[in-house]
Structures are given as structure tokens and as C-alpha cells.
Amino acid sequence: MNLFDTINEAMKQAMKDRDRVRLEALKGIKKEFLEAKTAPGANGELPDDKATSILVKMAKQRKESAAIYTENGREELAAGELAELAVIKEYLPKALSPEELEAEIRAIIAETGASSPKEMGKVMGVATKRLAGRAEGGQISALVRTLLAQ
């Protein structure tokens, strides 16, 4: 079962359970998925890698919104964003530990043959695709820069 179908099934269950927060979060995910499926050039399909990148983007938006709400003293709105973030995270791949991330990036560096910080773009292109949803872009970038500088 692909991610789109998994979200549909989870929506049905949330309706049965009368879980409003979960249902709203899942509706938001489904909306983004449907927009991606009907976008020009999508051919009505949504591969799991594209769905994962949508979920990553949504998670990042929720984190940023919650931080802004907290900063402005709107704790009730921040709580809503964090609740949605928790639902979104359930459908993201398991995050890599720092050790696993370093091992993955070292393997990518060896695979691409990069040896200096000048070749960071080559490594980042492969790393961001391969590690999508399992590590944040800033985290990947910082580690690639550090490893290539050695």
C-alpha cells in the first residue's frame, strides 16, 4: 500500500474514532497529496518519494508556525500546530541517528569521489535525494561541509 492509500485508510479510522485533531491533520496531508497528483506533468500519480518530500515540507512548516505562535504568546495555536506535526511525523521515515547519518554521508562521499569542499554540490545532490525525510537539509549540509574539509 502506498503512502496516499495509507493516509486514506488513516482518515477513515480517525472518522470512526471521532479524533478531530488527527482527522484535520490527515485532511491537510491528503489535500497536499491531491494537489501534487493533479499538478501538470504528474499523470495522476504520486510516488512515495514525492509524497515523503511533501510530508517533510509540511512538518517543517508546522515546526516554524509553532515557534512563531509560541514567540507571540499564542500557546493554544502552537499546541494545534504541534499536534498536527505529531501526526505528520507518524508517516515520515524513521530519522537517522547522528552516527547513521555520518555513515551514510561518508558512503555518498566515497561513491561520488568528492575530496574537497569545492565538490560539496555533487555530494549534496545525491545526499538530499537519498536521505529525504530521514534528515534535515541543514543537518546534512553541515556534516557534508565538515567531512569534506577534513
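Residue numbers run from 1 in the order of the sequence given. In this text the structure is predicted, and so the values were computed from the model without any measurement. These numbers come from the heavy atoms of this one structure, side chains and all, not from hydrogens, waters or symmetry mates.
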- Item | Qualifying side-chain hydrogen bond (donor to acceptor under 3.5 Å, both in side chains) pairs, either residue in residues 113-123, two or more places apart | S115-E119, E119-K122
- Please report the shortest heavy-atom distance between V123 and A114, naming the atom on each side. CG2-CB, 3.4 Å
- Task: Would you kindly confirm whether M11 and M58 end up in one hydrophobic cluster when ILVMFWY residues are joined by side chain heavy atoms under 4.5 Å apart?
- Result: yes
- Query: Under the side-chain hydrogen bond (donor to acceptor under 3.5 Å, both in side chains) rule, what pairs show up with a residue in residues 34-60, not counting sequence neighbours?
  - Reply: K31-E35
- Task: Looking only at non-hydrogen atoms, find the nearest pair between I54 and E32 and report the distance.
- Result: CG2-CB, 3.7 Å
- Query: Hey, are R74 and E76 close enough for a salt bridge, meaning a charged N less than 4.0 Å from a carboxylate O?
  - Reply: yes
- Task: For a side chain to side chain contact (heavy atoms under 4.5 Å, CB included) with E104, tell me which candidate from I109, L143, L96 qualifies.
- Result: L96
- Item | From CA spacing to verdict: side-chain contact (heavy atoms from CB on, under 4.5 Å), L34, K30 | CA-CA 6 Å; L34 287 173; K30 185 174 180 181; 4.1 Å; yes
- Item | salt bridge (charged side-chain N to carboxylate O under 4.0 Å, His left out) evaluation trace for K63 with E84 | CA-CA 10 Å; K63 273 186 214 170; E84 283 190 24; over 6 Å; no
- Query: Should E100 and K94 count as side-chain neighbours, where that means a heavy-atom distance under 4.5 Å?
  - Reply: yes
- Query: Side chains of R22 and E90: closer than 4.5 Å at any heavy-atom pair?
  - Reply: yes
- Is there a side-chain contact between Y69 and E81, using heavy atoms and a 4.5 Å cut-off? yes
- In chain order, what residues pass the side chain to side chain contact (heavy atoms under 4.5 Å, CB included) check against E111, with sequence neighbours excluded? V126, R130
- Item | Sub-4.5 Å side-chain heavy-atom contact between M124 and S141 | yes
- Query: What closest approach, in Å, do A66 and A78 show between heavy atoms, and which atom pair accounts for it?
  - Reply: O-CB, 3.7 Å
- Item | Spacing of E24 atom CD and D19 atom CG [to the nearest 0.5 Å] | 10.5 Å
- Item | Shortest non-hydrogen separation from F4 to L46 and the atoms involved | CD1-CD2, 4.5 Å
- Hey, quick one: are V21 and I7 part of the same hydrophobic cluster, counting side-chain heavy atoms closer than 4.5 Å, chains of contacts allowed? no
- State, with a plain yes or no, whether a side-chain heavy atom of L147 is found less than 4.5 Å away from one of E102. yes
- Message: Count I, L, V, M, F, W, Y as connected when their side-chain heavy atoms are under 4.5 Å apart, and connections chain through other members. Are M120 and I140 then in the same cluster?
- Response: yes
- Query: So which heavy atom on I108 is nearest to which on A127, and how close?
  - Reply: CD1-CA, 3.7 Å
- Item | Joint hydrophobic cluster, V144 plus V56, side-chain heavy atoms closer than 4.5 Å | no
- Hphob cluster co-occupancy, L23 + L55, side-chain heavy atoms under 4.5 angstrom: yes
- Query: R134 and P93: which non-hydrogen atoms are nearest, and at how many Å?
  - Reply: CG-CB, 3.6 Å
- Query: Under a 4.5 Å cut-off applied to non-hydrogen side-chain atoms, are F33 and N8 in contact?
  - Reply: no
- Query: Once you round to the nearest 0.5 Å, how far does CD1 of I88 lie from CD1 of I29?
  - Reply: 5.0 Å
